[in-house]
Every structure is written in C-alpha cells, then in structure tokens.
There are 2 protein chains.
Amino acid sequence: MSEEFSPRAQRLRDAGHKLTHARLTVLSVLEESGGHVTSAEVLEQVNERDSTIGRASVFRTLDLLTALSIIRPTFIHTSLTPTYVLLPDGHHHHIICTNCNRVIEFEECGLGAMAAELEQRLHVKLSGHLLEFYGLCDRCC
Amino acid sequence: MSEEFSPRAQRLRDAGHKLTHARLTVLSVLEESGGHVTSAEVLEQVNERDSTIGRASVFRTLDLLTALSIIRPTFIHTSLTPTYVLLPDGHHHHIICTNCNRVIEFEECGLGAMAAELEQRLHVKLSGHLLEFYGLCDRCC
DNA sequence: CACGCAGTTGATACAATATCTCAAAATCAG
DNA sequence: CTGATTTTGAGATATTGTATCAACTGCGTG
C-alpha cells in the first residue's frame, strides 16, 4: 500500500535512499522546529522521541539531507556548531545581526532569474540557494 | 609614524582592536590563501610562519574577523569543519556542487538594490552578504 | 620617548562535537 | 515471505574549539 510520506521524505526515496525510522524521525524534528536548529538540538529532540536512535544516525542523516539540499548548515553565531536551516522550496534568506546575533528572515527574491542565467552560462544544474546578509538590526543600529 | 597596514587591518583598528602580531599573521594567511580555507589550514599556515602563536589566538581572531564581516564561515563539504571565505568587498558568491563539492565562484550581483530596499523596509544597516547556490556542476550533470 | 593600563596572548587542561567500526537489524523489491 | 542490501546503534576514539589566568604588548598619554 502507498503510505503517506512528506514531500521531503519522497525526495529521499526518489534519490534511492530507504525511509528508515531514524531518518523519518530526524526529518520530522527538523520540520517541526521551524527552521533554525543546531545539531545538539536535533540530537536532543530525536532522543526525546525515541531514545534508541543513535547519535551516529542523526549525523549521517543531517549529512544526507544536506547533500540533497533539503537542509543547509550555516553559521549564526558560534564557530563551533552549525545551525541547520530548512530550505522550504530549495531556498532560504535571512539577515544576521553581527552584534546581537538575531536572525531576521525575509521572503523574496529575484534570484530565480539569476539562477537561470548561471545555469546557462556555466553549464550547471542548480537546485537551491542560501542568501545571507549581515549587518546591524534595528535594535542595534 | 603611520605604518602601512592592509585595509582590512585598518578596519580592525578602526573597530577598536589592537593590531597584534598574532592577528596580523592570521590575516595575512587568509589574504594569501586565496579565499577558501578551513580552520585547520589556517592553524597550519600560522604555525609555519610563527610557531609561538597559540591555537586559541587563531580561533579568537577568526571569530573576531567574522564579527567584522571580513570573513565568513561556510560549509563546503563536511559538517565538522567550516571553511572560511574572505569577503573581498563585503560580499561573496559561489556555487557548491552537491556531488563533488567543487566550488565555483562568480561575480555579479544585483543584490545592491535588494540590500538597499531591505535596509529601508526593515530598518537595518547591512554590511555584507554571502550568496550560495548549490546543485550539480558541469562535470557532474 | 618612557609610562601604564586595558586589551591580548599563549600553554595546557578541558569540553564539546563528530566519526569509525562492525555485528545485528530493518527496508523493500520481487 | 524471503533475501540482498542498506542502514543502524553503541561506544570508544579522534577531532575541533573553549576556559583559565598569569605574563606580555600595543598604543594613547603625559
């Protein structure tokens, strides 16, 4: 029977990977946490839902999702731990305040056209992007 | 006497930081390595030039330069080590192949206009940006 | 140009984070 | 259901970044 899986889970399967319990758990944690999470937070959440899932599997899944452009690691604050960002439709944009580290997200972007131009000029096949501005937020100006 | 320092070093000083031997060494390593380096590579290069400089200072300097938008950590391949990117004029753009991890840099960008619009609408003061596309490079298509 | 203070350093011990290995278990096509 | 193959989990280990703190240094000041 064709069970119901999230579109992202389908992408995993389509890429030839198995939909295991561990992977689905990590994915649902990411989807429900709103977009910005560190690996430590993912580990904690996964552990809460099912403490039998090993750390190694969580990291492996994060790497896998990164390779598929489903999430993207980025540095919000510390240089020690990356923060993973869900890419809703393959892209994401935010502003990081270099003073208070607040993250301001915004929609938009005229980058579809730029992507198309780059694909043609450089003979590449783009699947997503991350645009990160940094500066001072309204409170820190 | 007004010694000669690189523009980036001046930015450090202007922000109220001292131009110490350790900081200038880290900065020159970054400037001479072309733009993409991991922290391990920076440590190694710094150590080659002056083995008395401690690891802690190197990491502290990387964090400092990041806060000033002079460099930006980004994930090229592994989730363990960030790769630092020099921001020539406060911005940088590249494409990362999700298959072979090759990095393709490109110039451009119509983002100045977008930045101006965001500054006005969100009351922020932007100083730089990083635009990262991912997909398959010409060899991996 | 010597003085002195705040900012910075370097060494090491420590903490946090990710990877490796491999037998056992789970997925899923047929 | 069954088998081929991928994936998992546990923990030991490696890697990477941080805390601490006395000693030192850049640089404005007198």
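Values below: every heavy atom of this structure, side chains too, minus hydrogens, waters and symmetry copies. Below, read A as the first sequence line, B as the second, and so on, with proteins coming before strands; counting in each chain starts at 1.
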CZ of B/F59 versus P of C/dA15: gap in Å, rounded?
-> 18 Å

Remember a base hit wins even if backbone is also touched, and classify A/A22 as base, sugar-phosphate or nothing at under 4.0 Å, heavy atoms.
-> sugar-phosphate

Within the side chain of A/R8, is there an N or O that forms a donor-acceptor pair under 3.5 Å with the backbone of A/L27?
-> no

Should B/R13 be listed as having a side-chain N or O under 4.0 Å from OP1 or OP2 of D/dC27?
-> yes

Qualifying residue, where the test is ring-ring contact (aromatic ring centres under 6.0 Å, His included) with A/F106 and the options are A/H93, A/H91, A/H94 = A/H93

Can you establish whether the number of heavy atoms outside B/Q120 located under 6.0 Å from its atom CD is more than 12?
-> no

A/L24 CG to C/dA26 P: how many Å, rounded?
-> 15 Å

Strictly below 4.0 Å, heavy-atom distances to any atom of DNA chain C: list the hits from residues 38-50 of chain A, or just say none.
-> A/S39

Base of D/dG9 paired with side chain of A/R60 (donor-acceptor, under 3.5 Å) = yes

Determine whether more than 12 heavy atoms belonging to other residues, nucleotides or ligands lie under 6.0 Å from atom CZ of B/R139.
-> no

side-chain N/O B/S57 vs C/dG10 OP1/OP2, d < 4.0 Å | yes

Hey, mind stepping through A/R72 and A/E132 against salt bridge (Lys or Arg N to Asp or Glu O under 4.0 Å) and telling me if it holds?
-> CA-CA 12 Å; A/R72 187 74 202 161; A/E132 195 170 81; over 6 Å; no

Selection from D/dT18, C/dG10, D/dG9 that lies nearest to any side-chain heavy atom of B/D63 = D/dT18

Atom CG of B/L12 and atom P of C/dT9: how far apart are they, to the nearest Å?
-> 10 Å

With respect to the phosphate group of D/dT7, does any side-chain polar atom (N or O) of A/T20 fall under 4.0 Å of OP1 or OP2?
-> no

Short side-chain N/O contact from A/R23 to OP1 or OP2 of D/dT7, under 4.0 Å | yes

For D/dT8, does either OP1 or OP2 sit under 4.0 Å from a side-chain N or O belonging to A/H21?
-> no

Whole-Å distance separating the NE2 atom of A/H17 from the P atom of D/dT7 = 7 Å

Side chain B/T61, main chain B/S57, donor-acceptor under 3.5 Å = yes

Is the closest side-chain donor-acceptor distance between B/H129 and B/H92 under 3.5 Å?
-> no

Nucleotide C/dA18, atom C1' - distance to CG of A/L62 in whole Å = 11 Å

B/R55 CZ - C/dC14 C1' separation (whole Å) | 14 Å

Donor-acceptor pair present, A/K18 side chain and C/dA26 base, under 3.5 Å | no

Distance, rounded to the nearest Å, where A/L19 contributes CG and C/dT27 contributes P | 10 Å

